[in-house]
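Have a look at the structure below, then the notes.
First listed ligand is number 1; within each ligand, the first listed atom is number 1.
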Amino acid sequence: MTADLMDGAALAREILGQVAKRAADLTSATGVTPCLATVIAGEDPASVTYVRMKQNRSRKAGIASRHVGLPATATTQDLVGAISELSADPAVHGILLQHPVPPQIDERAAFEAIAPHKDVDGVTMHSFAAMAFGDPGFASATPGGIMRLLDACEVSPSGRHAVVIGRSPILGKPAGMLLLARDATVTYCHSRTRDLPVIAATADILVAAVGRPEFVRGDWIKPGAVVIDAGYNPGNVGDVAFAEAREVAALITPVPGGVGPMTIAVLLDQTMDAAAAQVTGTPGAGPG
Ligand code: NAP
């Protein structure tokens, strides 16, 4: 078997086209340009690149960017203060704090300074609880992108065994919760999991969110499984050994061009939801 590719790049283009149309409509109807604020503490080269990519995509979609850069020596108080100002600013509709922050900063405190109605990256406890309870709210962007990709490929999680490798608050944990909300039977694996290959081999849907290049091998995969590689490591390498896995799986996300573009698409789509809700007060235009 050679797996079909789950084309996140194509789906993201489609979503971004719709975002651009919604942004143009909102601006012509109200005179307000949707605005996403990006915040970085420090100058980690990968973070700077990610934020630049997000700003470029925003611009192309007709969403304005506001950038706040803090030095690597910034304190928790500095970062919380900067984010609180953006939370209170009516011209800003969504806020993205680029992860990770320098080690002296309490990242959770910084995330919690994002007003829930501007949490378009889905990183606050408010958004996390909404995902856990299956309530309306902004999805964590990468897990939200994974769910949309599954839907576009007509993969129903209901009743399937989903194994998520990784339990980070922004990726693994919310990915499992969104799968659970869609009636998958979910198993989380992490660095203390025993017999990981044996558990992975029982997955109908396998999500790799580990941060280790080609960690998941082809012989860990159940024939006919759906393999979602959320990993992104230097050299455009995912967390799954792609060539091996493709010979066993039915569907697989490539790296690049799978989950990565979907993350930005969901971020900007949710920015549009936030802007529409804040500008027009339209019921149902908010997080959901
Ligand atoms: P993270 O915070 O470092 O979490 C990694 C997770 O993997 C942890 O839960 C860890 O377990 C687990 N893990 C590490 N080594 C393991 C092992 N040997 N066996 C089993 N589990 C192991 O990373 P993250 O932020 O979730 O990111 C994960 C990957 O996704 C990275 O490649 C990152 O670049 C990528 N990513 C991509 C996007 C995108 O837009 N495509 C967005 C975010 C992240 P413990 O909890 O036990 O430590």
Side-chain angles (χ1 to χ4, degrees), residues 6-9 11-12 15-16 38 40 44-58 96-101 103 105 107-108 111 120-123 127-128 131 138-150 163-179 186-201 203 206-217 220-221 227-242 245 252-270:
M6 300 172 81
D7 190 346
L11 180 58
I15 293 170
L16 289 171
T38 54
I40 294 192
D44 171 57
S47 295
V48 171
T49 304
Y50 289 144
V51 166
R52 198 169 296 138
M53 273 166 58
K54 288 165 187 171
Q55 290 168 332
N56 288 340
R57 288 290 153 87
S58 295
L96 167 92
L97 169 61
Q98 186 62 44
H99 161 89
V101 297
I105 292 180
E107 185 174 72
R108 179 46 44 200
F111 279 147
V120 293
D121 203 25
V123 294
S127 298
F128 193 84
M131 283 182 279
F138 291 121
S140 186
T142 304
I146 290 171
M147 298 311 292
R148 291 196 198 194
L149 204 41
L150 289 173
V163 173
V164 181
I165 311 178
R167 56 174 169 177
S168 71
I170 58 158
L171 180 44
K173 259 184 205 154
M177 291 188 313
L178 292 176
L179 285 160
V186 178
T187 302
Y188 284 101
C189 298
H190 45 77
S191 64
R192 308 291 171 87
T193 299
R194 294 186 190 158
D195 298 329
L196 181 48
V198 174
I199 298 169
L206 182 63
V207 178
V210 192
R212 290 175 175 240
E214 302 192 332
F215 179 75
V216 174
R217 309 308 310 191
W220 298 17
I221 292 167
V227 177
I228 305 289
D229 188 351
Y232 190 71
N233 304 290
N236 277 343
V237 177
D239 287 350
V240 176
F242 179 80
I252 187 167
T253 57
V255 177
V259 173
M262 290 301 299
T263 300
I264 299 185
V266 169
L267 173 75
L268 298 188
D269 196 39
Q270 295 194 145

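- At a heavy-atom distance under 4.0 Å, atoms from both the backbone and the side chain of V210 approach ligand 1.
- Close approach of ligand 1 to T142 is summarised as follows: ligand atoms under 4.0 Å from at least one heavy atom of the residue are 38 (C), 39 (C), 40 (O), 42 (C).
- Looking at atom 27 (O) of ligand 1, its nearest protein heavy atom turns out to be L171 CD2, 3.8 Å.
- Judged by distance alone, the side chain of S140 and the main-chain N or O of L171 form no donor-acceptor pair under 3.5 Å.
- Heavy-atom contacts of G166 reach the following atoms of ligand 1: 6 (C), 7 (O), 9 (O) (cutoff under 4.0 Å).
- Of all protein heavy atoms, the one closest to atom 40 (O) of ligand 1 is T263 OG1, 2.8 Å.
- At under 3.5 Å, a nitrogen or oxygen of S191, whether backbone or side chain, sits near a nitrogen or oxygen of ligand 1.
- A heavy-atom distance below 4.5 Å is found between the side chains of M262 and I15.
- For ligand 1, the atoms lying closer than 4.0 Å to a non-hydrogen atom of F215 are 17 (C), 18 (N), 19 (N).
- The shortest side-chain heavy-atom distance between V48 and I40 falls under the 4.5 Å cut-off.
- The distance from ligand 1 to the heavy atoms of D239 drops below 4.0 Å at these ligand atoms: 29 (C), 32 (O).
- Of all protein heavy atoms, the one lying nearest to atom 9 (O) of ligand 1 is R167 N, 2.8 Å.
- Every atom of ligand 1 is numbered from 1 in the order shown, and the set under 4.0 Å from a heavy atom of A209 is 5 (C), 6 (C), 7 (O), 28 (C).
- Interface atoms of ligand 1 facing N233, defined by a heavy-atom separation under 4.0 Å, are 32 (O).
- The side chain to side chain donor-acceptor pair (under 3.5 Å) with T38 is formed by just one residue from the set K54, R52, Q55; it is Q55.
- Side-chain contact between L149 and T253 is present, with at least one heavy-atom pair separated by less than 4.5 Å.
- Ranking protein heavy atoms by distance to atom 34 (O) of ligand 1, first place goes to Y232 O, 3.0 Å.
- If you look at T193 next to ligand 1, there are no close heavy atoms at all, none under 4.0 Å.
- Closest protein heavy atom to atom 24 (P) of ligand 1: S168 OG, 3.7 Å.
- For the pair L150/M6, a side-chain contact is recorded, criterion being any heavy-atom separation below 4.5 Å from C-beta on.
- If you number the atoms of ligand 1 from 1 as listed, the ones under 4.0 Å from a heavy atom of L196 come out as 19 (N), 20 (C).
- Counting non-hydrogen atoms of other residues, nucleotides and ligands closer than 6.0 Å to CZ of R57 gives a total of 12 or fewer.
- Not a single N or O atom of Y50, backbone or side chain, sits closer than 3.5 Å to an N or O atom of ligand 1.
- Taking any N or O of A230, backbone or side chain, at least one lies under 3.5 Å from an N or O belonging to ligand 1.
- Applying the 4.0 Å criterion to heavy atoms of G260 picks out, from ligand 1, the atoms 41 (N).
- In this structure the side chain of I252 reaches within 4.5 angstrom of the side chain of F242, judged on heavy atoms.
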